[in-house]
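As structure tokens, the structure follows; a few thoughts come after it.
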Amino acid sequence: MYPMYRQTRTKVVHALIVVLCLAGILGGVGWMNIHPAHAASAIPQENNGLALTPFMGWSTWYYIGNSPTETNVLQQAQALKNSGLAAAGYNYVLLDDFWYLNPQTTVDANGYWAPDTNKFPGGLAALAAQVHAMGLKFGAYLTPGVPVAAVNQRKPIVGTSYTADQIANTSAKEINYNYGNTSYYIDYSKPGAQAYINGWAKELASWGVDFLKMDGVGTNDIPDIQAWSSALKNSGRDIVFDLSNSLPISNASTWQANANAWRTQGDVECYGCGTLVSWNNVASRFSNAAAWAQYAGPGGWNDLDAMDVADGTKDGITNTERQTYMSLWAMANAPMYLGDDLTTMDSYGKSLLTNSSVIAVDQSGHPAHPVSQASNQQVWFANLGNGSYNVALFNLGSSTATVSASWSSLGFSGSADVRDLWSQSDLGTFSGSFSASVPSHGSRLLKVTPGGVTPTPTPTQGTTPTPTPTQGTTPTPTPTQGTTPTPTPTPTSTPVSGASCSVHYAITNQWQGGFGASLTITNTGSTAINGWSLKFSFPNGQTITQLWNGTVTQSGSAVTVTNASYNGSIPAGQSLSSEPGFNGTWNGTNSPPTAFTLNGSSCSVV
């Protein structure tokens with residue numbers, strides 16, 4: 001079936017979205033020249049050790065929509081496996097809305113949503129078990145609050161002497177896109193409130209849930225998001241946490257701290273079109289993705305919504321537009337989850353979705369940003385920190401146009417080797433720039449490697465990208481599963497005076513007004529350094545705006561970086577395992593520091 005049904009979800013919100021989308025498309029040539037800060041690849045996000053690369057899979061929203069059943073979900077899960085998509089990395093099966101009974105009248109014994117057993121005879125636990133048996137992961141869906149039925153029935157809160165009515169703010173109700181206002185806001189100042197969410201998270205974990213989409217949340221729901229973040233981390237199971245939808249960018253740091261992904265806009269679906277999406281809805285993502293780029297990184301990703309490119313007859317866009325759709329998602333490092341009927345996937349859709357080079361762009365941990373959005377011909381790029389760049393050429397205009405990427409706008413000069421990632425073919429060496437004729441709504445996706453540099457291979461999907469240093473670059477390591485560090489913890493080691501050391505300072509990314517850098521600190525002495533403090537000065541007035549794997553103080557040009565609680569020790573003859581990195585601002589010139597002292601001793605600069 002086609003998604004013609006979600007009138008409850010569209011009303012005022014989607015009317016506004018349609019107006020905004022049309023305004024963005026019709027006014028394309030007037031888009032702002034946006035050059036946001038580019039998040040470096042090792043900025044820790046939600047500290048649950050999950051989603052170190054963007055998740056991939058399939059969702060019941062859109063094709064199945066309001067009619068999910070155990071049978072049709074398993075049919076799509078089997079298609080995901082049999083088609084080769086699962087082997088390519090699409091391993092999450094996400095059950096969206098419409099799986100539960102009306103929470104205004106019916107809840108389970110603990111006051112939580114009750115599965116509709118007419119649709120899911122064995123409940124969600126049985127469905128999850130069958131999905132897991134296929135080698136896939138299972139996701140579920142909720143909206144925030146405490147159900148009206150739980151309050152009216154005074155359901156006991158597990159592990160406490162409290163009841164659901166004692167934690168409810170009955171003067172206000174949360175949104176639910178299925179049954180309406182089915183839940184009251186929770187007053188988290190009340191005893192038992194966090195325990196209620198803890199119990200719900202543990203119930204999901206007991207069902208085998210690997211992923212939770214929390215829909216209908218915004219600024220007013222920050223207490224719920226924080227409560228669920230804590231509860232999921234203590235549920236006894238690894239559960240990826242995704243927020244939806246249209247999260248305000250003004251609270252981006254809150255979403256980063258509490259979730260693994262966050263929807264940056266409303267649904268990409270074209271309601272009432274008779275197809276899954278439209279070009280206008282896809283194109284509306286460009287300006288938004290640019291603004292959000294700085295907030296994505298391992299552990300937390302900008303969710304641009306579903307990527308519906310599997311079946312051209314149902315998607316509602318041309319093959320050229322389907323390629324551009326996936327190219328933007330890949331360059332943005334957005335989660336790639338499909339909403340199509342996978343049983344009717346066409347050969348072109350499969351060729352897009354299983355292109356390993358394009359998937360590697362998405363999984364690289366380096367979200368791209370545009371050189372400029374002043375016109376419909378746009379160049380997006382990401383410095384991979386290994387001597388190469390991901391580059392996309394987009395033509396959002398209505399006719400074929402030449403799109404050019406100049407090497408100076410990417411931050412280097414001279415010649416560079418160019419590889420076409422969609423065709424997986426080498427195009428040759430180009431001096432100063434690369435230009436291509438791009439059809440209307442079309443794209444080119446490239447790997448650009450400046451001359452004389454051999455890039456480190458991009459990690460394949462499912463691995464945490466940890467680039468190997470190459471000439472002139474020292475990338476910041478990505479936290480490994482289960483050990484994602486807190487961005488700026490309080491140091492617990494007291495620096496020991498005197499050290500034999502060397503420091504390598506590398507600019508890992510640079511854009512107009514901003515840059516990213518890493519610091520490799522090596523203990524060249526014969527005894528371990530336990531606790532360290534590195535001091536240096538910027539020569540051109542640069543300012544650090546965000547640092548990870550340490551704490552920073554800056555007074556004018558003078559900077560002091562001190563170890564975090566987990567990386568205070570540097571063994572003799574070794575480099576710091578979790579090296580500090582940062583984003584900063586610059587104006588005019590961005591020369592590196594020329595001298596460093598560690599615990600009061602001068603270090604050699606390498």
Side-chain angles (χ1 to χ4, degrees), residues 31-43 53-54 249 252 261 264 282-283 285-298 300-304 307 323-336 355 357-374 377-396 403-412 416 418-422 434 436 438 442-450 455 458-459 465 467 475 478 507-516 583:
W31 280 338
M32 297 294 291
N33 183 355
I34 299 172
H35 229 324
H38 182 194
S41 64
I43 299 175
T53 57
I249 198 169
T264 60
V282 172
R285 261 56 185 170
F286 277 83
S287 59
N288 201 271
W292 280 88
Q294 62 184 302
Y295 299 109
W301 306 100
N302 298 321
D303 184 348
L304 306 188
M307 190 177 71
Q323 177 179 301
T324 297
Y325 191 166
M326 186 167 174
S327 295
L328 176 62
W329 263 238
M331 288 296 286
N333 288 186
M336 287 182 169
N355 186 306
S357 296
V358 177
I359 291 173
V361 172
D362 180 72
Q363 301 287 293
S364 68
H366 292 268
H369 55 277
V371 172
S372 171
Q373 290 193 299
Q377 287 71 50
Q378 299 180 17
V379 176
W380 290 55
F381 76 101
N383 184 335
L384 300 181
N386 65 351
S388 63
Y389 297 75
N390 287 332
V391 178
L393 311 181
F394 292 110
N395 178 17
L396 306 183
V403 185
S404 300
S406 67
W407 300 158
S408 61
S409 68
L410 307 188
F412 67 92
V418 178
R419 180 174 175 81
D420 187 301
L421 297 180
W422 278 115
F434 175 85
V438 182
S443 58
R444 297 288 296 272
L445 197 57
L446 312 169
K447 176 67 64 67
V448 175
T449 305
T458 303
T478 302
I507 296 176
T508 57
N509 199 14
Q510 182 170 297
W511 57 96
Q512 184 178 353
F515 73 107
N583 284 339

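Classified by interplanar angle (parallel below 30°, tilted 30° to 60°, perpendicular above 60°), the ring pair W407/F412 is parallel.
Qualifying side chain to side chain donor-acceptor pair (under 3.5 Å) partners for W329, counting only residues two or more places apart in sequence or in other chains: none. Applying the side chain to side chain contact (heavy atoms under 4.5 Å, CB included) test to A330 and every residue at least two apart in sequence or in another chain returns M336, V358, V361, D362. Take S404 and apply the side chain to side chain contact (heavy atoms under 4.5 Å, CB included) test, not counting sequence neighbours, and it matches T402, S435.
Considering every non-hydrogen atom in both P335 and A261, the closest pair reads CG-CB, 4.4 Å. Annotation for A332 and P367: closest pair O-CB, 3.6 Å, computed over non-hydrogen atoms. In plain terms, the two heavy atoms of A296 and W301 that are nearest each other are CB-CE3, 4.1 Å. Contact between G385 and H366 at its shortest, heavy atoms only, is N-CE1, 4.5 Å. For N333 against P54, the heavy-atom pair with the smallest separation is O-CG, 3.2 Å. Across all their heavy atoms, Q378 and S372 have their closest contact at CG-O, 3.8 Å.
Rounded to the nearest 0.5 Å, atoms CH2 (W422) and OG (S327) are 5.0 Å apart. Y325 contributes atom OH, which lies 7.5 Å from atom CZ of R285 (distance to the nearest 0.5 angstrom). Interatomic distance, CE of M326 versus CG of L445, reported as 9.0 Å (0.5 Å rounding). To the nearest 0.5 angstrom, Q323 atom CD is 12.5 Å from L328 atom CG.
Remark: of the listed residues I249, L304, D303, I249 is the sole one forming a side-chain contact (heavy atoms from CB on, under 4.5 Å) with W292.
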### Task
Take N288 and T264 through the side chain to side chain donor-acceptor pair (under 3.5 Å) test and state the conclusion after the steps.
CA-CA 7 Å; N288 201 271; T264 60; 3.2 Å; yes
### Query
Stepwise, does the side chain to side chain contact (heavy atoms under 4.5 Å, CB included) test hold for V448 with S388?
CA-CA 6 Å; V448 175; S388 63; over 6 Å; no
### Task
Decide side chain to side chain contact (heavy atoms under 4.5 Å, CB included) for L393 and L446; before the verdict, give the C-alpha distance in whole Å, the side-chain angles of both, and the deciding distance to 0.1 Å.
CA-CA 8 Å; L393 311 181; L446 312 169; 4.3 Å; yes
### Task
I would like to know whether R444 and V438 meet side chain to side chain contact (heavy atoms under 4.5 Å, CB included); could you show each step before the answer?
CA-CA 7 Å; R444 297 288 296 272; V438 182; 4.1 Å; yes
### Task
Go through V371 and W380 one step at a time and tell me if the side chain to side chain contact (heavy atoms under 4.5 Å, CB included) criterion holds.
CA-CA 6 Å; V371 172; W380 290 55; over 6 Å; no
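Side chain to side chain, T324 and S443 meet the donor-acceptor criterion of an N or O pair below 3.5 Å.
The main-chain N or O of F394 is never found under 3.5 Å from a side-chain atom of Q377 such that the two would form a donor-acceptor pair.
Side-chain contact between V391 and L410 is present, with heavy atoms from C-beta onward closer than 4.5 Å.
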